[in-house]
Amino acid sequence: MTQTTMTATTMRTAKFGLGSVVRHRIYPFRGVVFDVDPEFANTEEWWLAIPEEVRPRKDQPFYHLLAENADSEYIAYVSEQNLVPDHSGEALRHHGIPEVFERDSHGGYRMRGSQAN
């Protein structure tokens, strides 16, 4: 599933849709997408805190993830350029998943009826 986003000058298609399981291409965490911003929509302070050599472009989709690593569960905000699909089929353990998603018979994550737009 992909989401199409429009701006004044261009139309972009988000690579990952709601319920997609992804992992970070550099850091050891993965998660499920629960929201998508068509371009960067966090604070300038947050963006500048990222080391310049790995700072992502702002003109791309950014994803809100229910994320986890080996030690913890958290919410992550990640640029499209830093995400890759996670095809492991391994279930996520994030405690927030049951509030937002249900698993289908194939192990995929689907938005609960009241959450979908």
Side-chain angles (χ1 to χ4, degrees):
M1 175 167 103
T2 61
Q3 290 187 320
T4 301
T5 57
M6 295 184 75
T7 64
T9 58
T10 181
M11 185 171 94
R12 294 193 57 125
T13 299
K15 187 175 181 180
F16 305 106
L18 303 179
S20 295
V21 178
V22 295
R23 63 181 173 83
H24 198 280
R25 69 177 181 86
I26 299 170
Y27 300 111
F29 72 86
R30 63 193 203 109
V32 60
V33 175
F34 71 89
D35 197 8
V36 182
D37 293 334
E39 57 186 26
F40 181 78
N42 206 329
T43 66
E44 190 70 10
E45 179 180 73
W46 184 93
W47 190 73
L48 291 172
I50 300 168
E52 190 172 353
E53 63 274 7
V54 295
R55 192 176 297 151
R57 296 181 336 272
K58 290 182 176 182
D59 66 341
Q60 63 182 310
F62 275 72
Y63 299 84
H64 300 261
L65 307 177
L66 296 174
E68 60 190 51
N69 60 27
D71 302 318
S72 62
E73 302 170 4
Y74 51 94
I75 302 293
Y77 189 64
V78 186
S79 64
E80 186 169 271
Q81 75 187 58
N82 283 321
L83 292 175
V84 295
D86 181 313
H87 298 295
S88 70
E90 190 176 321
L92 292 157
R93 69 176 192 280
H94 194 288
H95 68 279
I97 289 174
E99 296 175 30
V100 181
F101 296 99
E102 54 192 12
R103 295 211 57 197
D104 65 21
S105 61
H106 303 289
Y109 293 90
R110 303 284 176 251
M111 297 291 289
R112 291 199 173 274
S114 63
Q115 300 289 324
N117 290 342

Hydrophobic cluster membership, V54 vs V84, 4.5 Å side-chain cutoff:
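No, it is not one cluster - the side chains of V54 and V84 are not joined through contacts under 4.5 Å.
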Is Y77 reachable from I50 through a run of hydrophobic residues whose side-chain heavy atoms are each under 4.5 Å from the next?
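Yes, I50 and Y77 fall within the same hydrophobic cluster.
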Rounded at 0.5 Å granularity, tell me how far [atom1] in [X] sits from [atom2] in [Y].
X	Y	atom1	atom2	value
L18	D35	CG	CG	7.0 Å
M111	F101	CE	CZ	5.0 Å
Y27	N69	OH	CG	13.0 Å
L83	L65	CG	CG	6.0 Å
S72	F29	OG	CZ	10.5 Å

Partners meeting side chain to side chain donor-acceptor pair (under 3.5 Å) with [X] (sequence neighbours left out):
X	answer
R110	D104
H64	D37
D59	R57
Y74	none

Apply side-chain contact (heavy atoms from CB on, under 4.5 Å) to P85 and list each qualifying residue two or more places apart in sequence or on a separate chain.
F16, H87
Partners passing side-chain contact (heavy atoms from CB on, under 4.5 Å) against S88 (at least two apart in sequence or in another chain)
R30, D86, E90
Among pairs that include at least one residue of residues 41-55, which meet salt bridge (charged side-chain N to carboxylate O under 4.0 Å, His left out), considering only residues two or more places apart or in two chains?
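As it turns out, the salt bridge (charged side-chain N to carboxylate O under 4.0 Å, His left out) pairs with a partner in residues 41-55, which skip direct neighbours, are E44-K58.
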Return each pair, listed once, that meets salt bridge (charged side-chain N to carboxylate O under 4.0 Å, His left out) where at least one residue sits in residues 17-29; pairs must be two or more places apart or across chains.
none
Heavy-atom closest contact ([X] atom, [Y] atom, distance):
X	Y	value
R103	A91	NH1-CB, 3.0 Å
P61	A14	CG-CA, 4.1 Å
W47	P56	NE1-O, 3.0 Å

Within a strict 4.5 Å, meaning less than it, do heavy atoms of the S20 and Y63 side chains meet?
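The answer is no; the side chains never approach within 4.5 Å.
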Is it true that a side-chain atom of [X] and a backbone atom of [Y] form a donor plus acceptor pair closer than 3.5 Å?
X	Y	answer
Y109	L92	yes
E80	K15	yes
Q60	Q81	yes

Those residues that, when tested against H94, pass ring pair (Phe, Tyr, Trp, His ring centres under 6.0 Å) (two or more places apart):
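For H94, no residue satisfies ring pair (Phe, Tyr, Trp, His ring centres under 6.0 Å) once neighbours in sequence are set aside.
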Do W46 and F40 have ring centres separated by under 6.0 Å?
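Yes, they do, as the ring centres are separated by less than 6.0 Å.
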